[in-house]
Amino acid sequence: MPELPEVETVRRALAARLVGRRLTSAAARRGDLRTALPRDLAARLVGRTVTEVGRRAKYLLIGLDDGATVIAHLGMSGRMLLYRDPPPPGAHDHVILGTADGTHVYFNDARRFGLLTIADSKRLARHPLLKDLGLEPLAAGFTGATLAAALAGRKTAIKAALLDQATVAGIGNIYACEALFGARISPRRQAGKLGPARCAKLARAIKDVLVRAIAAGGATLRDHRQPDGALGYFQHDFAVYGRAGLPCPGCDCGDAGGIRRIVQGARATFYCPRRQR
DNA sequence: AACAAGACCTGCATGC
DNA sequence: TGCATGCAGGTCTTGT
């Protein structure tokens with residue numbers, strides 16, 4: 001599921017319901033996720049109050065009042081669902097948290113590519129999961145210049161570079177395709193050869209598509225849900241992703257076979273060969 | 001060092 | 001209907 005906009009959508013909903021609340025229960029139901037759940041999960045969470053819910057790249061960071069932070073990643077299929085009247089736990093509900101006001105949080109992940117662990121808040125920047133992450137695209141420091149510096153010397157295709165979390169953090173397959181369309185750059189172009197003007201245009205396109213997707217609640221292809229169960233709807237605004245053979249918005253490429261699907265690094269890439277060069 | 005490919009796990013759509 | 005196949009929003013590991 002989730003790239004930066006989907007994770008940000010989840011973060012906002014969790015923050016609204018959890019910050020300032022005390023955790024009264026914490027149950028680990030199935031522990032073999034991408035990394036094993038902490039054995040002492042309940043002991044470390046029950047009684048703690050949530051102080052903030054942050055995000056770095058695609059990681060959710062749930063800060064607690066004892067100086068610990070819960071790090072969670074949704075993988076491909078993970079969800080965080082909030083309930084007032086919790087349903088009976090299902091096979092893929094791996095962690096269930098309860099708060100003093102009766103809210104329940106279900107961490108559900110069918111494919112178990114996600115993870116949840118607990119770290120020292122003061123050392124988050126040095127945590128193995130977070131230490132190598134690259135530019136945060138919605139932060140002030142993300143500009144054409146910093147993007148150009150991150151891409152300098154890179155021989156791989158720009159599409160692959162955007163998926164590399166050590167370069168720009170939080171972009172996944174959908175938004176890499178959509179941002180390159182917005183910047184009118186071919187996904188096959190060598191990353192290190194983009195000039196300053198095209199890097200500036202790409203940085204703007206990345207921010208633009210991420211902001212628009214967050215406003216739409218993310219994109220729901222199959223797994224993504226907002227924590228209240230609502231679907232995202234940005235998939236209706238995709239220009240190229242999943243649209244092979246169809247015309248792209250505002251171009252007559254349909255006459256020439258439309259949007260093309262290629263494979264780069266074993267991932268599908270969608271682009272308009274007429275508009276993206 | 002940088003890069004490409006394979007692995008991880010489950011569910012769903014498609015086609016026979 | 002049942003079964004096989006391929007594909008999916010991510011990232012870690014391995015090998016070149």
Side-chain angles (χ1 to χ4, degrees), chain A residues 1-11 29-37 55-60 71-80 90-94 107-117 127-134 137 150-180 187-193 206 209-210 212-214 216-226 231-244 261-270:
Chain A
M1 149 196 129
E3 306 184 30
L4 188 153
E6 290 75 31
V7 177
E8 177 62 19
T9 299
V10 170
R11 184 198 70 76
R29 304 188 68 255
R30 176 160 186 174
D32 56 335
L33 307 184
R34 191 176 105 207
T35 62
L37 287 175
R55 178 188 58 74
R56 171 76 169 113
K58 300 169 194 168
Y59 291 91
L60 290 164
I71 302 176
H73 194 290
L74 301 177
M76 292 274 262
S77 54
R79 300 172 178 175
M80 290 282 183
H92 304 307
D93 294 322
H94 305 310
F107 176 34
N108 174 289
D109 182 10
R111 292 175 74 178
R112 308 203 316 280
F113 286 175
L115 66 85
L116 186 148
T117 191
H127 192 280
L129 290 169
L130 308 176
K131 68 184 172 56
D132 294 324
L133 292 170
L151 297 176
R154 302 287 300 277
K155 295 222 187 313
T156 194
I158 183 61
K159 161 75 180 329
L162 292 180
L163 289 182
D164 173 8
Q165 301 298 296
T167 305
V168 184
I171 297 176
N173 207 34
I174 292 174
Y175 297 102
C177 293
E178 294 294 317
L180 286 167
R188 325 168 82 122
R189 197 152 292 280
Q190 218 177 9
K193 288 194 171 173
I206 289 168
V209 73
L210 294 179
R212 287 188 295 120
I214 292 167
T220 298
L221 295 188
R222 46 199 138 248
D223 295 316
H224 171 59
R225 291 291 184 284
Q226 302 186 53
L231 305 177
Y233 51 92
F234 192 67
Q235 66 278 12
H236 301 302
D237 289 345
F238 289 168
V240 290
Y241 185 85
R243 297 174 48 79
R261 180 189 190 275
I262 61 173
V263 175
Q264 293 178 288
R267 315 290 306 274
T269 296
F270 299 88

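So you know, we letter chains A, B, ... as the sequences are listed, proteins then strands, and number each from 1. Source: prediction; values computed, not measured. Computation of the quantities below employed the complete heavy-atom set of this structure, encompassing side-chain atoms and omitting hydrogens, waters and symmetry-equivalent molecules.
When the C1' atom of C:dT11 is taken as reference, atom CZ of A:Arg56 falls 15 Å away, rounded to whole Å. Remark: P of B:dA13 and CG of A:Asp223 are 11 Å apart, rounded to the nearest angstrom. Between A:Asp132 atom CG and C:dT11 atom C1' the separation is 13 Å, expressed in whole Å. With rounding to whole Å, A:Arg30 atom CZ is found 9 Å from B:dC9 atom P. Per the geometry, NZ belonging to A:Lys155 stands 12 Å off C1' belonging to B:dC3, to the nearest Å. Nucleotide B:dA2 holds its C1' atom 16 Å from the NZ atom of A:Lys193, rounded to whole Å. The distance from atom CZ of A:Arg267 to atom C1' of B:dC8 is 13 Å, rounded to the nearest whole Å. Protein atom CG of A:Asp32 is 14 Å distant from nucleotide atom P of B:dC8, rounded to whole Å.
Under 4.0 Å is where a charged nitrogen must lie from a carboxylate oxygen, and between A:Arg30 and A:Asp32 at least one such pair does. Checked for salt-bridge contact, A:Asp164 and A:Arg154 meet the test: a charged N lies under 4.0 Å from a carboxylate O.
A donor atom on one side chain and an acceptor atom on the other are not found under 3.5 Å apart for A:Tyr59 and A:Gln165. When only modelled atom types and interatomic distance are considered, A:Ser77 and A:Asp109 share a side-chain donor-acceptor pair under 3.5 Å. Judged purely by distance below 3.5 Å, without hydrogens or angles, the side chains of A:Gln264 and A:Thr269 pair a donor atom with an acceptor atom.
Between A:Arg112 and A:Arg34, every side-chain heavy-atom pair lies at or beyond the 4.5 Å cut-off. With contacts defined as side-chain heavy-atom distances shorter than 4.5 Å, the pair A:Phe238/A:Leu221 qualifies.
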Could you spell out the base pairing of DNA chain C as a dot-bracket line? Use Watson-Crick and G-U wobble contacts where both distances are under 3.5 Å, [ ] for crossing pairs, | for partners on a different strand. .|||||||.|||||||
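Of the candidate nucleotides C:dG10, C:dA8, B:dC3, B:dC3 has the atom nearest to the side chain of A:Thr156. Closest to the side chain of A:Arg261, out of B:dC3, C:dC7, B:dT10, is C:dC7. Of all nucleotides listed (B:dC3, C:dG10, C:dC12), C:dC12 comes nearest to the side chain of A:Tyr59. Distance from the side chain of A:Arg112 is smallest to B:dC9 among B:dC9, C:dG10, C:dC12. Closest to the side chain of A:Arg34, out of C:dT11, B:dG11, C:dG10, is C:dT11.
B:dA1 and C:dT11 have their P atoms separated by 23 Å, given to the nearest Å. Comparing the P positions of B:dC9 and C:dT14 gives an interatomic distance of 15 Å, to the nearest angstrom.
For the pair A:Arg222 and A:Asp164, nearest-nucleotide mapping onto DNA chain B gives the more 5' position to A:Asp164. Positionally, the nearest nucleotide of DNA chain C for A:Arg111 lies more toward the 5' end than for the other of A:Arg111 and A:Leu115.
Looking at heavy-atom distances under 4.0 Å, A:Ala110 makes contact with sugar-phosphate atoms alone, never a base.
Judged by centroid separation below 5.5 Å and plane tilt below 30°, A:Phe113 does not stack onto the base of C:dT11.
A donor-acceptor contact shorter than 3.5 Å links the side chain of A:Arg243 to the backbone of A:Ala239.
In this model, the phosphate group of B:dT10 is not approached by any side-chain N or O of A:His92 to a distance below 4.0 Å at OP1 or OP2.
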